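Just so it is clear, the structure is predicted and the values come from calculations on it, not from any experiment. Here is how names work: the chains are called A, B, and so on, in the same order as the sequence lines, proteins then strands, and each is numbered from 1.
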2 protein chains.
Amino acid sequence: MPRRVPLYKRVKQRLAAALEKGVWRPGEALPPEPALAKRFAVSVGTLRKAVDELVAESLLVRRQGSGTYVDSHTRDTMLARFFPMVDRTGNKRLPQSRLLSFRRGRASAAIAALLHLQRGAPVFEIDNLLSLDDEPLILDRIRLPQALFPDLTEAIFAEREATIYALYQSRYGVTVVRTEESIAAALADERACELLLLTPPAPVLRVVRTAYAWHSQPVDTRVRLIATRRHHYRSVLGQR
Amino acid sequence: MPRRVPLYKRVKQRLAAALEKGVWRPGEALPPEPALAKRFAVSVGTLRKAVDELVAESLLVRRQGSGTYVDSHTRDTMLARFFPMVDRTGNKRLPQSRLLSFRRGRASAAIAALLHLQRGAPVFEIDNLLSLDDEPLILDRIRLPQALFPDLTEAIFAEREATIYALYQSRYGVTVVRTEESIAAALADERACELLLLTPPAPVLRVVRTAYAWHSQPVDTRVRLIATRRHHYRSVLGQR
DNA sequence: AAGTGGTCTAGACCACCAT
DNA sequence: TGGTGGTCTAGACCACTTA
């Protein structure tokens with residue numbers, strides 16, 4: 001650790017802590033910059049540098065002339081930030097979701113490692129099918145720690161209005177800021193072929209995705225099989 | 001276009017134009033910030049904001065106490081920025097490269113569209129095999145416009161010391177700043193199975209990658225087949 | 001010790017949004 | 001029209017690299 005932490009970094013940490021604590025709700029405006037600067041006893045320039053970084057990390061959103069707002073997981077932001085599939089023309093659309101099964105279980109060694117849990121810790125195990133235009137696209141097996149989502153039930157999950165990450169945020173105050181995906185090629189097994197409407201031997205993408213909140217805390221992890229008939233996985237390297 | 005372009009954006013454009021023109025070579029230091037600010041007739045703060053953005057886009061690199069340098073495509077930066085494959089422990093290493101064939105040809109309609117060329121424009125067609133620890137990993141078919149690389153020959157390509165992008169930069173002054181990849185799952189054909197040491201039916205990643213220089217100018221495009229036996233394609237979403 | 005980028009301040013003015 | 005974030009300046013001091 002650096003001996004001397006710059007002032008704006010400490011302001012950033014304090015702001016992030018306040019956000020995590022829920023001092024301002026997603027979608028709400030923060031106080032104006034001069035007021036915040038006064039509260040933290042720093043100059044406006046320093047306060048702005050702290051906000052700059054939180055905006056770069058998508059925790060905050062600036063709207064000129066209006067204010068600075070806590071980012072909320074709308075359909076549009078989810079689509080742009082966390083959904084990688086595009087059609088032949090490069091366009092994205094949010095998929096429809098169909099819940100296949102919802103169970104309570106215990107974390108295997110592998111799952112526990114990914115979610116930073118003890119082996120055997122209670123988790124939810126959810127199977128979910130995502131489709132575009134009634135064509136099945138992605139088969140997900142999701143695991144999430146029961147500790148993070150204490151009162152989650154099948155009904156709550158199935159009847160949510162928005163995306164899964166939006167549910168985490170609005171109901172449990174858990175905001176996903178980053179996901180890491182590991183992609184391999186595989187042959188779909190019999191069940192996957194049925195659900196994804198493929199005829200063996202059918203190549204699919206096998207993606208292991210883990211979602212993280214602030215401080216790299218794992219939120220959920222999933223194994224997803226993706227049929228790339230009409231949609232491709234899009235990735236941009238460099239120029240971040 | 002915005003009516004009023006901020007001063008620091010104009011400074012950034014002028015700096016980028018100078019870089020593109022080769023006023024300073026890759027690896028060289030720029031003049032100190034106060035000198036640059038004076039040259040552009042702006043304050044140091046404004047100059048720094050322009051440099052900030054070019055650093056964020058990896059055209060420049062800052063080294064505190066030393067200077068600001070033109071980014072050069074070393075092995076390390078190539079690996080970190082443009083090579084997405086990791087082993088089971090999450091580590092990256094640069095692959096060995098083996099040239100399979102080098103030909104001159106003409107752009108098909110599809111290739112011409114990707115490279116922003118006229119159909120039938122002269123291109124190089126290169127087949128290349130990338131391996132890690134003598135295990136074949138990636139089979140590439142690369143196409144690049146002859147116009148961008150006028151005197152390129154098989155010997156120059158085969159005997160290069162560093163990566164392909166580093167060759168583009170050091171010999172032709174073309175700096176790749178971004179690549180876009182489109183990933184699908186496929187079954188390897190007979191030739192791919194032989195070269196990648198796979199037994200059919202073998203699922204592989206089929207990636208179409210296009211590399212871009214500043215101003216989104218296409219530099220090369222390739223179709224690559226990737227065997228994901230021991231290495232996976234790693235992708236991070238959100239938190240840019 | 002000299003020179004570089006990094007941090008921090010204080011204040012002026014501009015562009016945009018809401019009312 | 002009042003309030004917000006966005007731009008720009010000038011200058012002081014700090015931290016780091018290099019020799």
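- For the ring-ring contact (aromatic ring centres under 6.0 Å, His included) test, residues two or more places apart in sequence or in another chain that qualify with B:Y165 are B:F82, B:Y168.
- With rounding to whole Å, A:R10 atom CZ is found 12 Å from C:dT7 atom P.
- Which of C:dC8, D:dT7, D:dG5 sits closest to the side chain of A:L7 comes down to C:dC8.
- Take A:A18 and apply the side chain to side chain contact (heavy atoms under 4.5 Å, CB included) test, not counting sequence neighbours, and it matches A:V23, A:W24.
- Applying the salt bridge (Lys or Arg N to Asp or Glu O under 4.0 Å) definition to pairs two or more places apart or across chains, those involving residues 88-99 of chain A are A:R93-A:D133.
- Residues that satisfy the salt bridge (Lys or Arg N to Asp or Glu O under 4.0 Å) test with A:E180, not counting sequence neighbours, are A:R178, B:R234.
- Rounded to 10 degrees, the angle separating the terminal helix axes of the helix from C:dA1-D:dT18 to C:dA18-D:dT1, each built from five base pairs, is 20°.
- Only A:P32, A:E33, A:R48, listed by number, bring a heavy atom of residues 27-53 of chain A to less than 4.0 angstrom from any atom of DNA chain D.
- With sequence neighbours excluded, no residue satisfies salt bridge (Lys or Arg N to Asp or Glu O under 4.0 Å) with B:K49.
- Listed by first and then second residue, the salt bridge (Lys or Arg N to Asp or Glu O under 4.0 Å) pairs that reach into residues 153-174 of chain B are B:D151-B:R171, sequence neighbours excluded.
- Among pairs with a residue in residues 32-45 of chain A, those fulfilling salt bridge (Lys or Arg N to Asp or Glu O under 4.0 Å) read A:E33-A:R48, A:E33-A:R62, at least two apart in sequence or across chains.
- Partners of B:R25 according to the salt bridge (Lys or Arg N to Asp or Glu O under 4.0 Å) rule, which considers only residues two or more places apart in sequence or in another chain, do not exist here.
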N/O-N/O pairs, protein side and nucleotides 16-18 of chain C side, under 3.5 Å:
none

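- Residue pairs that meet the ring-ring contact (aromatic ring centres under 6.0 Å, His included) test with at least one member in residues 33-80 of chain B, sequence neighbours left out, do not exist here.
- Residue A:R4 places none of its side-chain N or O atoms closer than 4.0 Å to OP1 or OP2 of D:dC14.
- When distances run from any side-chain atom of A:P6 to the nucleotides C:dG5, C:dC8, C:dA15, the shortest one goes to C:dC8.
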